[in-house]
Each structure stands twice: as structure tokens, then as C-alpha cells.
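First listed ligand is number 1; within each ligand, the first listed atom is number 1. None of these values were measured; they are calculated from a predicted model.
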Amino acid sequence: MKLRWLGHSAFELISRENLKILIDPFVSNNPACPLTVEELDADIICVTHGHADHFGDTMEIANRTGAIIVGNHEHSVYLARQGFDSQGINIGGSIKLYDIEINMVDAKHSSDMDFIDEIGAGGSASGYIIKLENGRKIYHSGDTGIFVDMREVIGEIYQPDIALIPIGDRYTMGPKDAAIAAQWINPEIVIPMHYNTFPVIQQEPTEFAERVEAADSKIRVVILEPGQLYRE
Ligand code: ZN
């Protein structure tokens with residue numbers, strides 16, 4: 001399995017069977033992303049919410065690759081009207097595509113579709129638990145504040161192995177809350193995201209890492225540079 005951070009909350013996940021999953025592919029307007037849209041391939045694109053810094057280049061990539069787009073019901077209705085293969089799910093629900101199981105979970109955030117000219121209501125913001133063919137579970141929280149489901153639903157029921165959580169503050173959790181969230185989720189590995197893309201979400205990821213490690217040495221913090229791969 002390979003997981004490449006594309007900066008902000010954008011990740012490319014490539015399974016052992018070589019299935020390519022993009023999450024929140026904010027690429028062309030992402031000052032932190034070292035790749036171009038044309039360099040990315042996808043079988044599945046998961047969108048956590050309708051903000052342009054997450055929805056990003058979803059339509060352009062899906063147009064070129066024929067990727068299936070997974071999003072909430074409201075996004076899927078909008079995308080189906082544009083002719084895309086969009087699969088709507090909702091919080092608590094799941095979908096199996098190829099051998100990948102995708103569960104939508106809650107997030108505490110907003111989700112208006114601000115990528116279209118007339119901003120449209122975009123349903124609820126969400127996160128995903130993506131279970132690969134080998135059983136490894138990756139949690140991408142989307143944009144969110146800390147909330148108690150991270151402990152009682154995501155941590156205890158879904159039990160992800162790897163958690164991708166925001167630390168940028170202002171629009172999401174900052175390092176202090178994110179370190180508590182990491183303990184609640186209790187994964188093997190936590191990777192911080194949604195920081196240092198723009199000046200207003202400037203953070204020092206080592207502060208987050210120190211807080212997590214001080215509270216629980218069993219959780220490994222992996223800090224990636226944009227473009228860098230985590231592999232196992
Ligand atoms: Zn957002």
C-alpha cells in the first residue's frame with residue numbers, strides 16, 4: 001500500500017492490487033501540491049465535502065480517467081446531472097467498489113458546494129474509513145473539529161489502522177485538539193494534514209507529534225512532506 005500526501009487534505013492511496021483512490025484531490029489551485037492534475041490517475045475519487053479546497057479537481061480528473069466519484073447524496077445528485085459516474089452514500093453507510101469498502105462517517109464542519117458559481121447546499125461534511133483488500137483501514141477525517149464519535153464510533157467500532165487528521169486550526173482542529181483526537185481514534189499511525197497550505201493555517205507539525213507522543217507512545221506520528229509517500 002502506498003499513500004502519497006499531495007498537500008492540504010489531498011491524498012493518493014494505491015492499494016496492493018494497484019487500485020488508485022484519490023481523496024479530496026485539490027491539485028491545480030493547491031500551492032503545496034507538487035504534481036499537476038495530468039500526472040494523477042484514479043479508479044475512485046472520494047470527496048469529503050463541497051469546499052473548493054477539497055472538491056478541487058474532482059470533475060477534471062474523473063472526466064479524463066473515468067473514475068467513480070464517491071460523495072454524499074447531494075454531491076452525487078449534482079455530479080450525476082453533469083454526467084459523472086457518482087455514487088452517493090451517507091453517514092453510517094458504506095459502499096463496496098472493486099474490493100475496497102468505503103464507509104462514510106461524520107465530521108463537524110460545513111459543506112456548501114462553493115466550487116460552482118451559485119453556491120449550492122452540499123449536505124453534510126463527512127469523513128471516510130477506507131478498508132483495503134488486505135483489511136488495512138485508513139480513516140480520512142475530512143475537515144472537522146474534535147467530536148466524541150472519534151472515540152466511540154470511529155475508534156471503538158471502526159478501529160482504523162491509519163488516521164489522517166487536520167491540525168491547521170482556524171477551520172478545523174488545531175494541534176492540541178488533534179492530539180486528543182488521535183488518542184480517541186487510537187490508530188497505529190497518525191498523519192497530520194490541512195496545515196501550511198496557506199498562511200492562516202500555518203502550523204509546526206512537530207508540536208502535534210510531541211503532544212501525541214507525550215500522551216501515548218504507542219501511536220506513531222508520520223509527518224510527510226507534500227509529494228512524499230508513506231508505504232507499507
Ligand atoms: Zn472545508
List-wise, which protein N, O or S atoms are found short of 2.8 Å from the Zn ion (ligand 1)? H49 NE2, H51 ND1, H109 NE2, D143 OD2

Please check if the side chain of D41 supplies one atom and the backbone of K20 the other of a donor-acceptor pair under 3.5 Å. no

Across all chains, not counting sequence neighbours, the salt bridge (charged side-chain N to carboxylate O under 4.0 Å, His left out) partners of E74 are none

H49: which residues meet the ring-ring contact (aromatic ring centres under 6.0 Å, His included) condition with it, sequence neighbours left out? H51, H54, H109

Going by ring-ring contact (aromatic ring centres under 6.0 Å, His included), name the residues that satisfy it together with F208, two or more places apart in sequence or in a different chain. none

Going only through I, L, V, M, F, W and Y residues with side-chain contacts under 4.5 Å, is there a path from M104 to I130? yes

Do H8 and F26 have ring centres separated by under 6.0 Å? yes

